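Since the structure comes first, as structure tokens, the remarks are kept for the end.
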Amino acid sequence: MNEKLINRRVFLKNAGLAGAGILLASSLWLSVFSETNHTTKEEVKIGIIGPGSRGQLLMSFLKENPKVRIVALSDIYQPSIDQGRALAPEAKLYKDYRKLLEDKEVDAVIIATPLNTHFQIAMDAFDAGKDVFCEKCLGYTIKECFRMYNKHLETGKIFFSGQQRLFDLRYIKAMEMIHAGRFGDINAIRTFWFRNGDWRREVPSPEIERHINWRLYKEYSKGLMTELACHQLQIGSWALQDLPEKVMGHGSITYWKDGREVYDNVSCIYVFENGVKMTFDSVISNKFYGLEEQILGHLGTVEPEKGKFFYETVPPAPGFLQMFDDIQNKLFDTLPFAGTSWEAETAKEKNGEYILGKRPEGDGTKELLDAFVEASITQKQPLHIAEEGYYASALCLLGHQAIEEERRVYFPDRYKIDYLNHKRQAEVL
């Protein structure tokens, strides 16, 4: 078997998860790899709609998979076409994505275009009988996301979104530990993504400013919530196996006052029915703390981006307990004060343990794309993949709405699907 092919047994073994019954309850989508040995000689022919910077990154991973042939590229921006063609020199080129969708050779499409174009391209792709991998956020509105999800169900075509953490070994193992109760009751989740940069790209000519820097303008993008939060908010529903019922938020332009329309500083609080909260914060004028999800249980903490976990306390050996009591009693008998009042709550310096026993490598993007390829070949949609992608998009869009409207926003019943604590609505918009 080609070494580049994913072998499910090796994949799980590397994660320290082989034979773990709890695993598939947490990550049922991993079943997509169950037939990799039987699909060795199969091939999926993919069209790339949007071979810009993100599209080219996805292409670089797809080219490593011998089951993939990139047969078509489409973009309205010629430099992106030229750069994409360097990666796929035999691909046919289209200015109009609809012509690519008419190409009978194309089995599946990768959509890596500006956010405001995702919905129409995906809907047209489903209608054309193509399997769809759409970068996050799925749609510009929750209604668009909901209609895309329903179109996937109606057509029966494969549907993935760019939520690579679902296939990141650090996160898979962390969720197994969380769902097994290793960290006790999860009472809060803190997520943040900090950068220091203007998020701008070089523009060769002023008239294409909005085309190149689309992420900075409300017509095309919803900024940090759709570009960054979409990744991290999905961690909450995965860890808690539940969905928040309301969100509050605030956003502003505090530093990069350069004509952009989207915020450079945002903060949201998501509240679950049981009172557990999940926060998202992003500032792009300071990168000291980087990015992380901090999953807080009463017995321990998980930081999956760093690939580490920490326990609140390490139970001492029984013989040590009596010695500790004796020392403590003598010590506090001679001290007038027991230290500062806030010392007990000061953050502790702990090294923690690596979730996988070593520093993390990769972020799951290759495995996510390989899973899409396997699903396209077998025509078997892995469980929960479409649902996780849909709710990740819906949650970040709800947060953006709360920020824009400066009010508490509740998850609309009409956009709930039959997943986790929500039931699918009969109405199809």
Side-chain angles (χ1 to χ4, degrees), residues 1-12 14-15 24 27-51 55 57-74 87-88 90-92 100-112 121-122 124-135 138 148-149 151-164 166-169 172 362 364-389:
M1 187 177 72
N2 192 303
E3 291 182 359
K4 292 182 179 179
L5 297 179
I6 285 186
N7 181 290
R8 179 173 177 268
R9 183 176 299 172
V10 173
F11 181 82
L12 300 183
N14 287 343
L24 289 181
S27 312
L28 286 173
W29 47 87
L30 291 182
S31 63
V32 74
F33 293 123
S34 62
E35 298 182 34
T36 52
N37 290 340
H38 301 108
T39 61
T40 301
K41 297 181 180 180
E42 301 289 336
E43 180 182 69
V44 59
K45 294 179 282 296
I46 292 179
I48 309 296
I49 303 176
L57 176 64
L58 300 181
M59 289 174 68
S60 70
F61 287 114
L62 289 168
K63 283 174 59 65
E64 295 180 7
N65 190 327
K67 298 180 184 181
V68 171
R69 187 153 61 94
I70 299 173
V71 298
L73 304 174
S74 177
L87 292 170
E90 298 180 2
K92 287 176 278 187
L100 181 150
L101 295 179
E102 292 174 3
D103 189 334
K104 301 300 183 184
E105 189 180 20
V106 175
D107 301 315
V109 296
I110 304 289
I111 302 172
I121 296 174
D124 290 344
F126 282 130
D127 282 336
K130 313 300 184 186
D131 297 323
V132 172
F133 178 107
C134 184
E135 267 298 348
L138 287 176
M148 289 169 68
Y149 175 74
K151 194 72 167 180
H152 146 67
L153 296 181
E154 292 164 11
T155 62
K157 301 309 295 181
I158 303 301
F159 188 30
F160 274 56
S161 61
Q163 300 291 145
Q164 64 261 30
L166 292 169
F167 287 89
D168 188 321
L169 296 180
I172 293 170
T365 300
K366 180 184 186 303
E367 290 76 16
L368 171 65
L369 290 166
D370 286 341
F372 175 67
V373 169
E374 291 298 324
S376 188
I377 290 173
T378 63
Q379 285 298 292
K380 295 180 181 179
Q381 174 75 21
L383 291 173
H384 299 176
I385 280 289
E387 289 74 17
E388 288 284 340

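Quick caveat: nothing in here was measured; it's all calculated off a predicted structure. Computation of the quantities below employed the complete heavy-atom set of this structure, encompassing side-chain atoms and omitting hydrogens, waters and symmetry-equivalent molecules.
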Where do Glu367 and Phe33 come nearest, in terms of heavy atoms and distance? O-CZ, 3.6 Å
With the side chain counted from C-beta on, respond yes when Pro382 and Phe160 share a heavy-atom pair under 4.5 Å apart, and no when they do not. yes
How long is the straight-line distance from CG of Asp124 back to CD1 of Ile121, given to the nearest 0.5 Å? 8.0 Å
For Lys380, the side-chain hydrogen bond (donor to acceptor under 3.5 Å, both in side chains) test, sequence neighbours excluded, returns Glu35
Are the side chains of Leu62 and Ile48 in touch, meaning some heavy atoms are under 4.5 Å apart? yes
Would you check if the side chain of Gln381 reaches a backbone N or O of Phe159 as a donor-acceptor pair within less than 3.5 Å? yes
Salt-bridge criterion met for Glu105 and Lys45 (N-O under 4.0 Å): no
Please report the shortest heavy-atom distance between Lys63 and Leu87, naming the atom on each side. NZ-O, 2.9 Å
Determine the minimum heavy-atom distance between Leu73 and Ala91, stating which atoms define it. CG-CB, 3.9 Å
Calculate, to the nearest 0.5 Å, the distance between atoms OG and CD belonging to Ser376 and Glu43 respectively. 11.0 Å
Is there side-chain contact between Met148 and Val132, with heavy atoms separated by less than 4.5 Å? no
Counting C-beta onward and ignoring hydrogens, is there a side-chain heavy-atom pair between Phe372 and Ile385 closer than 4.5 Å? no
Evaluate the criterion side chain to side chain contact (heavy atoms under 4.5 Å, CB included) for residue pair Leu368 and Leu166; output intermediate values, then yes/no. CA-CA 8 Å; Leu368 171 65; Leu166 292 169; 5.7 Å; no
Once rounded to the nearest 0.5 Å, what's the spacing between atom NZ of Lys130 and atom CG of Leu101? 7.0 Å
Phe133 and Ile46, any side-chain heavy atoms less than 4.5 Å apart: no
For Gly47 and Val106, which heavy atoms make the closest approach, and how far apart are they? N-CG1, 3.8 Å
Distance in Å, Leu30 CG paired with His384 NE2, rounded so as to fall on 0.5 Å steps: 12.0 Å
Would a 4.5 Å heavy-atom cut-off, applied to side chains only, mark Lys366 and Phe167 as touching? no
Has Lys67 got a side-chain atom pairing as donor or acceptor with Val373's backbone, closer than 3.5 angstrom? no
Starting at OG of Ser161, measure out to CD of Glu387 and round the result to the nearest 0.5 Å. 10.5 Å
Is the shortest side-chain heavy-atom distance between Leu100 and Ile49 below 4.5 Å? yes
Determine whether Gln379 and Ile158 make a side-chain contact, defined as any pair of heavy atoms from C-beta on separated by less than 4.5 Å. yes
Of all the heavy-atom pairs spanning Ala88 and Met59, show the shortest one and how long it is. CB-CE, 3.9 Å
Working to the nearest 0.5 Å, report the span between CG of Leu138 and NE2 of His152. 11.0 Å
